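Here is the structure we will look at.
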Amino acid sequence: MGEMVKLEYRVSSEDFERAGDASSNTKKVLKKIGIPSDVIRRAAIVTYEAEMNLVIHSMGGEIVVEIFPDRIIVTAKDFGPGIPDVDKAMQEGYSTAPDRIREMGFGAGMGLPNMKKCSDDFSIESEVGVGTEVVMTLYI
Amino acid sequence: MTVKEMAGRLNLKPAAGLDAMENEVAGAYVCDLLSWVMAHAGKGSAWVTIQAHVNIVAVACLLDLACIIVCEGVEVDADTLEKANDEGMPVLTTTKDAYSICCGLKDLGI
Ligand SMILES: Nc1ncnc2c1ncn2[C@@H]1O[C@H](COP(=O)(O)OP(=O)(O)O)[C@@H](O)[C@H]1O
Ligand SMILES: [Mg+2]
């Protein structure tokens with residue numbers, strides 16, 4: 001597998017019907033390629049949490065998964081509203097999700113911490129009024 | 001133990017994903033917060049919850065869980081059942097609460 005595989009998904013705000021499709025499809029591709037199962041599990045977690053954040057908190061965006069021979073890079077980028085205090089957002093248990101979202105079991109405030117924990121490299125950049133970009137690298 | 005045998009012994013009603021009832025149950029995990037499940041539920045677990053919307057199927061499939069047990073008689077959304085059938089993820093329902101189900105699972109040696 002010398003070649004690079006690139007997967008791209010548009011993720012719409014509030015689309016709970018299709019939420020999880022990008023991460024589910026990513027997992028299937030990784031499995032087909034023969035990526036080790038512990039890496040698949042971590043990739044599934046970071047992609048799912050990134051996807052759900054786009055659905056729940058953003059105005060829409062995209063997830064790009066690049067699979068190289070030695071690493072997987074997952075990028076989640078959206079078009080706003082941006083995060084006013086990134087350090088706060090990274091804290092376990094911090095969530096601005098409204099009650100109706102929490103009742104569905106989302107909004108535990110564990111998404112970003114889990115994404116960081118499951119990636120080997122993690123970066124988040126956000127600007128209010130512009131958007132948020134999260135880049136996660138997992139070594140195979 | 002297979003999902004099928006567990007469902008029979010605990011009187012759980014299979015509602016979807018019937019073609020995956022031979023999945024092996026390796027353990028169990030109880031939680032209604034999806035990020036906690038994502039972080040902690042082990043492969044092959046039976047997931048005990050009261051969530052019943054379509055996203056639970058994605059969570060269960062991403063983690064290779066054995067099945068989802070929806071407790072307390074919560075009605076499972078039609079699109080959840082449809083997705084579970086498409087993906088081959090058993091969804092079992094029961095009127096019992098999570099505690100009773102977990103006691104039952106322990107008695108089965110899970
Ligand atoms: N893409 C995003 N756009 C805007 N805000 C975000 C985004 N991702 C995360 N946040 C903010 O960071 C908080 C923490 O995110 P996270 O750890 O995933 O927990 P949760 O999604 O359960 O709220 C969110 O509640 C939200 O305020
Ligand atoms: Mg989140």
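From a predicted model like this one, the values you see are computed outputs, not experimental measurements.
- For a residue to count as touching a neighbouring chain, one of its non-hydrogen atoms must lie under 4.5 Å from one of that chain's; by this rule B:Asp79 touches chain A with the side chain only.
- Interface check for chain A: of the options B:Cys31, B:Ala58, B:Ser35, the most heavy-atom pairs under 4.5 Å are formed by B:Ser35.
- Hydrophobic clustering (ILVMFWY, side-chain heavy atoms < 4.5 Å, transitive): B:Val25 and B:Ile68 are in distinct clusters.
- Of the possible donor and acceptor atoms, none in the side chain of A:Lys27 sits under 3.5 Å from a partner among the backbone N and O of B:Leu63.
- The stretch residues 13-23 of chain A places A:Phe16, A:Glu17, A:Ala19, A:Gly20, A:Asp21, A:Ser23 near chain B, each with some heavy atom under 4.5 Å from a heavy atom of that chain.
- Surrounding CD of B:Glu75 are at most 12 heavy atoms belonging to other residues, nucleotides or ligands under 6.0 Å away.
- No continuous path of ILVMFWY side-chain contacts below 4.5 Å connects B:Leu105 to B:Trp47, so the two sit in separate hydrophobic clusters.
- Contact annotation for residues 90-109 of chain A against chain B (heavy-atom separation below 4.5 Å, listed by residue number): A:Glu103, A:Met104, A:Gly105, A:Phe106, A:Ala108.
- In this structure, the portions of B:Asp64 lying under 4.5 Å from any heavy atom of chain A include both its backbone and its side chain.
- Note on B:Val57, B:Asn55, B:Thr49: by heavy-atom pairs under 4.5 Å with chain A, the leading option is B:Asn55.
- Within residues 110-139 of chain A, the residues approaching chain B closer than 4.5 Å by heavy atoms are, in numerical order, A:Met110, A:Gly111, A:Asn114.
- B:Val37 and B:Val76 fall within a single hydrophobic cluster, where Ile, Leu, Val, Met, Phe, Trp and Tyr side chains are chained together by heavy-atom contacts under 4.5 Å.
- Residues of residues 37-51 of chain A lying under 4.5 angstrom from chain B, judged on non-hydrogen atoms, are A:Arg41, A:Ala44, A:Ile45, A:Tyr48, A:Glu49 in numerical order.
- Counting non-hydrogen atoms of neighbouring residues, nucleotides and ligands closer than 6.0 angstrom, the CD1 atom of B:Ile50 reaches no more than 12 such neighbours.
- Residues B:Met1 and B:Tyr29 do not share a hydrophobic cluster, defined by chaining ILVMFWY side chains whose heavy atoms lie under 4.5 Å apart.
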